[in-house]
Structures are given as structure tokens and as C-alpha cells.
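Numbered from 1 within each chain, the chains take letters A, B, ... in sequence-line order. Values below: every heavy atom of this structure, side chains too, minus hydrogens, waters and symmetry copies.
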Protein chains: 2
Amino acid sequence: MDVAITEPFNREKQFAAKRRAVIRSAGQAFRRRGYHNASMKDIAQSLGLTKPALYYYVKNKEEVLLECHLMAYDAMDEILAVKRAANLTALDELERLFGQFVEMLTDAGVSLLTDVDSLSEPNKAAVLSRRRKIERKIVKLVKAGQNDGSIRNGDAQLHAFFFMGALNWLNAWYDAQGRLKSEQIAHHFALQMRRGIQA
Amino acid sequence: MDVAITEPFNREKQFAAKRRAVIRSAGQAFRRRGYHNASMKDIAQSLGLTKPALYYYVKNKEEVLLECHLMAYDAMDEILAVKRAANLTALDELERLFGQFVEMLTDAGVSLLTDVDSLSEPNKAAVLSRRRKIERKIVKLVKAGQNDGSIRNGDAQLHAFFFMGALNWLNAWYDAQGRLKSEQIAHHFALQMRRGIQA
DNA sequence: TATAATTTTGACCCTTGAGTCAAATTTATT
DNA sequence: AATAAATTTGACTCAAGGGTCAAAATTATA
């Protein structure tokens, strides 16, 4: 086989995959116990590694937190990127998006963290900028809905802040083993979001 | 004047007042920067004190966090304690309560914190127990609304989790100096909450 | 099998911040 | 003014946890 090129590429892939696993695992820990309550040693152990082995894959703890944030925002961007069908109202679209966000946070192991103050200034700014960009898209959609008549009037920003809270609060109570199943939550939340703002 | 009794009482009052000030000030710091990012030294300085002076009023940092949680729950209990007028639907009542919660978190300097994992087991259990007690009251009210026909059917717990998220998310974005004024937010949120669950 | 690259580790260093204490200062009482 | 109580502080101790490093172990390559 033509390994001369693919082999080193596979090595990189292995490395990247392991690195992602580190970030994801750390994300779970941060989500459950909080950034400062989850030590690098804990995170390493939960992957069957030792601390120095972790540091082979990441520069420092803050970098891990940063990537957790960005990973979640990437996932949200991906959901937001899908162009909506022309026949749907902005409200319909928002309902669909919101349901997908919920599923992403429950089903898929994506962790939407809130601890932004544990980042140093440049990173904090970067994360907040990403967050605002997503918020802006959503607010824009709310305004579109107010124009197409599907969403009732009122401060669009407040409309959005309200239901984004429901999303961020998921971390505090959602339990994959619990009574409430991902799909059920997504469906319920999407509807409650819709009703809250519909015209 | 008959000081023999009132004087020592005043001393205690002074002490208690200063102690409360410490808790409240710490609460602001925890809310803004997070429990672990706000050092006891910071908290002391923001009150014009030094660290050892703080420790004259509180046992340790965890105690401060605990009291912050309890203080917020006390305020919520107080709001919840008011008997509702017999002619109001449960939904009306819920709307009123929710608006009051929002005002309490914005106008009054009450800090509703989410960091429960930085508490040791017994304290964490105590805080979660208080939280659940409040949640239970609210869920009960939701169910009452489903009985009196003012609130649409669906999992009452999910109804509540959704709008409680909006409340907890306030910390992340509310700024007393910002564009959005307390009363406006309270009114808007109360309505959006109502619409989300009304029959 | 020998050699080189990658991955992992035990043992360490170092900073940060919680918490303490004996002594100083301020405030009230006789 | 003298004494006692309450309050505040400078100067510490100490543990936890982030991060490093030289060497060992593993895996791939010649």
C-alpha cells in the first residue's frame, strides 16, 4: 500500500482524535463539577492517563476550557448554518433550531459551558465574541419573525435572552439517566419557546 | 437611658449588619466573577477591609457561599409565601411571582448563584434541598394551573425547568448600567413565561 | 535486531489563595 | 485616665493543584 503519505497522516489523525477526546472528557467534567472543581489529574484519570500525558496533548488547562467553549459554538454554528426552507416562518425555523440545540446538549455529548471568567482576557474576549455572534443571529431571526408576523412584538433581545436561559440551565439539571429523555425535552422546550414569543 | 439591655443588643446588631454586608458583597463578586475567581482578599478590599478582618465575621469561604445561596432562597421563599387572591388563576399567580423574582435579582442586590459543586457534601445537600423545595412549590402551582385550566398540559417539571433557566441566566447578561431596565425585564419575562405555558 | 520517533510516567517545582495568630488599634465602660 | 471589650492588621503557614522535565516505555521504521 501507498503508505509513504498516508502513514504520517494517520499519526496526525490519531493524535487529533486523542486530543479531541481529552477536550470532550474535560468538557463533561467541567460541565458536571465546574472548571475549578475538576483537576487536570481527575480529567487524566478518567481517561486512564496520568497528568503529564494530558499535557502531551494540550498546552494548559485554560486552553482546554477555551476549546470546550469553541467546540460548543462550532456545533451551534453548524446547526445555524442550514438554510431554512422559504415557506417556513422565522418562528418555525426558530422552533426547529431550538429543538436541535437541546438535542445537541443532551444526546450528543456537547457541553455548553458558562464559565467565561476563568479565561484570561484575550480568550474571554474571543469566546464572548463567538457567543454574541450566535446571539445576534438568533435575535435577527426573532426580528425576521416580527416582520413576517409570526412573532409578537417586544424587545427581540429580551425574547432571546429568555429562551437562551433555558438552554444554559440544562446543565444544572439534565441527567442522561433521569426520567426525562432527550427527545422529549427537545420537543417540549421547542414548543414552550415558540409559545412564549409567537404572535 | 436604659442602656444596660439595649447596648449589647446594638453591638450584636452592628456585628450582624456588617456580617450581612460581607455576605452580600461576596455574593456580588461570586455572581460576577465566579466563586473561585473571587478571592477573599478581593472581597475584603472591596469593603475597605483586610482579609483577617473578614474572618472576624465569617468562618470560611464556603460558609460565605452557603449563606449567599440561602439568602437568595430566603428572598424567594418570602415572595412565595404571600397567599394568592382567590380570584386569580394559578397562571396569574405564577406570572406575578416570576416578575417579582426577576425584580429581586435585578433591582434588589440578591444574587442567585448556581455554583453548588464548590460546597462540601452536607452544605451542598442543604442547598439542593432548599432549591428543590422551591421548585416543588412552583411545579405544584403549574399543576394547579393545569387543573384550573389556565395552563396547558405537558410535563409540569419541564414547564418549570424552562422558565427557571431564564432566571438563572440573568446573572450572565444583566447589567444594572445597561440598556435594559429592571422593571422592563421583569414585565417582559413575566409575560413570556406566561405565554410559554398558558392553555 | 537496531534505530528513531512517539507516547507515557514518577518525581519534582512553584504559585496562588485559604486560613491563622499574636499583637496593635480602636471603641466603649468605670 | 485606666481598663476592658471589640475590631483590625502584618506577617505568617499550609495545601492544592497547575505545570515541567528527564528518563522510561512503547510503537513504528530500516
Output the rounded distance in Å from [atom1] ([X]) to [atom2] ([N]).
X	N	atom1	atom2	value
A/Gln45	C/dT8	CD	C1'	15 Å
A/Ile43	D/dG19	CD1	C1'	14 Å
A/Asn37	D/dA15	CG	P	20 Å
B/Leu47	D/dT9	CG	P	12 Å
A/Leu49	C/dT9	CG	P	6 Å
A/Leu65	D/dG18	CG	C1'	14 Å
A/Leu54	C/dT7	CG	P	14 Å
A/Gln14	C/dT7	CD	P	9 Å

With a 3.5 Å cut-off and no angle check, do the side chains of A/Gln28 and A/Arg31 form a donor-acceptor pair? yes
Is the B/Phe163-B/Phe101 ring centre distance short of 6.0 angstrom? no
Any pair with a residue in residues 126-147 of chain A that passes ring pair (Phe, Tyr, Trp, His ring centres under 6.0 Å), sequence neighbours left out, goes on the list, sorted by first then second residue, please. none
Can you tell me which residue pairs pass the ring pair (Phe, Tyr, Trp, His ring centres under 6.0 Å) test with a partner in residues 115-161 of chain A, sequence neighbours excluded? A/His159-B/His188, A/Phe161-B/Trp173
Per-nt protein contacts along nucleotides 18-25 of chain C (heavy atom under 4.0 Å; B base, S backbone sugar-phosphate only, - none) come out as BBBB----
Does B/Tyr56 make a side-chain N or O approach to OP1 or OP2 of D/dT7 shorter than 4.0 Å? yes
May I ask you to say whether A/Glu63 pairs ionically with A/Arg19, meaning some side-chain N is under 4.0 Å from a carboxylate O? yes
Here's one to test your reading of the geometry: is the NZ or CZ of B/Lys61 within 45 degrees of the ring axis of B/Tyr35 and under 6.0 Å from its centre? yes
